[in-house]
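Since this is a predicted model, take the numbers as computed values, not measurements. First the proteins, then the strands, lettered A, B, ... as listed; each starts at 1.
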There are 2 protein chains.
Amino acid sequence: MIPRIPVSVDLVVLTVRSQQLSALVWRRDRPPYEGRWALSGGFIKLEEDLPAAAARVLAERAGLPGAPVHLEQLQTYGYPDRDPRQRVVSVAYLGLAPDLPASTEAHMSWQPVAELTEMAFDHRRIMLDGVERARAKLEYTSLGAAFCPPEFTVAELRRVYEIVWGRPLDPRNFHRKVTKTEGFLVQTGRTTTRDGGRPAMLHRRGPAVLLHPPMLRI
Amino acid sequence: MIPRIPVSVDLVVLTVRSQQLSALVWRRDRPPYEGRWALSGGFIKLEEDLPAAAARVLAERAGLPGAPVHLEQLQTYGYPDRDPRQRVVSVAYLGLAPDLPASTEAHMSWQPVAELTEMAFDHRRIMLDGVERARAKLEYTSLGAAFCPPEFTVAELRRVYEIVWGRPLDPRNFHRKVTKTEGFLVQTGRTTTRDGGRPAMLHRRGPAVLLHPPMLRI
DNA sequence: TCAAAAGTGTTCCGTATACACCCATGC
DNA sequence: GCATGGGTGTATACGGAACACTTTTGA
């Protein structure tokens, strides 16, 4: 009668570290695709909501329990032979994280996106879709701050944009844009000199979600 | 063991007709939600790709075989009690269609989105997500033309935008924007007077997909 | 004193907006 | 002729790009 199919959740967790956009992956230690990099994932339970499953995979499989990761649904992948063992429909989630230490216990590591050319299953396709979504979202939302620690300078936020978009931005115009956009940043009142030069104001993420007008990549 | 779950495809097919944004729905004739409007949907087969399942549902359940409908994946809905009979994970697809006759054979009809307040399951939530996606896509893509017949005037395209966005647009500025954007429209050389007044040039959809810079709603 | 980075001011330019105006048809 | 809608031209405003310049620290 009605076909029943295993449904999984796969996570594309991205961060910016060592001047590179990187993804949280693990190296498969058994067939199929033994030795290849794979996204963290898991099957959803019978009584479990999709966002709850994504949060559980983030905590248990990706080894980031309680981490401040922005999770949003990316896309669903379901062509029949994407897993050679059995048909699996996979709901991919995109996660944007600050530069957290990867869990060695969960055998996860951060790998630069540019170097992840050989991945298991269709995970490269999924990861690239996640990267493109992240690049697009930085244009019209304030989500770039999700890549930053709780307190950050405007220059640190700018370097996030530069690395995700892969092009330099004018520091002065960028500064005006993000500080003038209502609700993007909240000043803490403290300053830091960790980037050298004149002390920079520290900020937190503000309540704004959307950017009007957007900040265009090109 | 790995839980196996029925996976369905639900279609939010939208069109513009009678000056209203409308969705393709049918009235349920049996419980649950008997008498309520529902989206067309169906379970995916074991060896079937997701886009193929969406195309099959469009042809067989929605009664629009071979119609020029732009289909794209919308979002996946999977909280456990969305169907009271059994758990179903549903991959929703958004379809943008010209004003085609609804299939009476398939018991489908076009209903204005504004009047679809009481729908079966979580179909109102899904439909509203589709409407919001359509509104957003008109800003930065040339997909508005998917609501038009094969040949259309600039004014007809403008009325699509006005109805989807729910606000009037300046006819002269709109005309300049869409005709100056490379690859948005292709002139056919023919004209029509079906809108009254001076004859208007007929156009086809051009090869462009993205709009740079976008056309903002506000 | 100098280098480095933060932050401000200013000029220039492209695009959106608002609207005056002309064009080509039906009645 | 006149109403109706199609299409062009033009002045203004706003936001982004480019860049000169000042500020504030560490070395």
- Test item: H203(B) and V154(B) side chains (from C-beta on) under 4.5 Å apart, heavy atoms: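 H203(B) vs V154(B): side chains touch.
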- Contact check, side chains of V164(A) and F147(A), non-hydrogen atoms, under 4.5 Å: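 V164(A) vs F147(A): side chains touch.
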- Taking all non-hydrogen atoms of both residues into account, name the closest pair between R82(A) and V88(A) and its distance.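 Scanning both residues, the minimum pair turns out to be NH1-O, 3.1 Å.
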- Dot-bracket assigned to DNA chain D with the 3.5 Å Watson-Crick/G-U criterion, [ ] for crossing and | for other-strand pairs, is |||||||||||||||||||||||||||
- Message: Just by distance, no angles: are the side chains of D10(B) and S40(B) close enough, under 3.5 Å, to form a donor-acceptor pair?
- Response: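 No donor-acceptor contact under 3.5 Å links the two side chains.
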- Scan side-chain atoms only and decide if T15(A) and D99(A) contain a donor-acceptor pair under the 3.5 Å cut-off.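 D99(A) and T15(A) do not have a side-chain donor-acceptor pair below 3.5 Å.
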- Reckon H175(B) has a side-chain N or O less than 4.0 Å from the OP1 or OP2 of dT8(D)?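 For dT8(D), OP1/OP2 do have a side-chain N/O of H175(B) under 4.0 Å.
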- Query: Can you name the one residue among I44(A), T76(A), D83(A) that meets side-chain contact (heavy atoms from CB on, under 4.5 Å) with V89(A)?
  - Reply: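 Exactly one candidate clears the test, T76(A).
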- Listed in order of residue number, which residues of residues 187-206 of chain B have a non-hydrogen atom at under 4.0 Å from DNA chain D?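 Contacting residues: D195(B), G196(B), G197(B), R198(B), P199(B), A200(B), M201(B).
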- Item | Close approaches to DNA chain D from residues 136-164 of chain B, in residue order (heavy atom, under 4.0 Å) |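 A155(B), R158(B), in order of number.
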- Query: K180(A) has an atom NZ; how far is it from atom P of dG16(D), in whole Å?
  - Reply: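 From K180(A) NZ to dG16(D) P: 11 Å.
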- Item | Atom pair distance, as rounded to whole Å: CZ in F174(B) and C1' in dT8(D) |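 Distance check: F174(B) CZ to dT8(D) C1' gives 17 Å.
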Heavy-atom count check: over 12 atoms from other residues, nucleotides or ligands less than 6.0 Å from [X] [atom1]?
X       : atom1 : answer
R61(B)  : CZ    : no
H107(B) : NE2   : no
E34(B)  : CD    : yes

- Task: For R167(B), check side chain to side chain donor-acceptor pair (under 3.5 Å) against everything at least two apart and list the hits.
- Result: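 Per chain and number, R167(B) pairs via side chain to side chain donor-acceptor pair (under 3.5 Å) with no residue.
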- Decide, yes or no, whether a salt bridge links D129(A) with R125(A) under the criterion of side-chain N to carboxylate O below 4.0 Å.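 Judged by the 4.0 Å cut-off on N to carboxylate O distance, D129(A) and R125(A) do form a salt bridge.
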- Task: Sequence neighbours left out, what passes ring-ring contact (aromatic ring centres under 6.0 Å, His included) with H123(B)? Give chain and number order.
- Result: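 Partners of H123(B) under the ring-ring contact (aromatic ring centres under 6.0 Å, His included) test: F121(B).
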- Task: Answer yes or no: is there a donor N or O on one side and an acceptor on the other, between the side chain of T193(A) and the main chain of G196(A), under 3.5 Å?
- Result: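 Flag not set: sc T193(A) to bb G196(A) has no pair under 3.5 Å.
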- Task: Report, as a single string ordered 5' to 3', how protein heavy atoms within less than 4.0 Å touch nucleotides 10-18 of chain C: B base, S sugar-phosphate only, - not at all.
- Result: B----SSBB
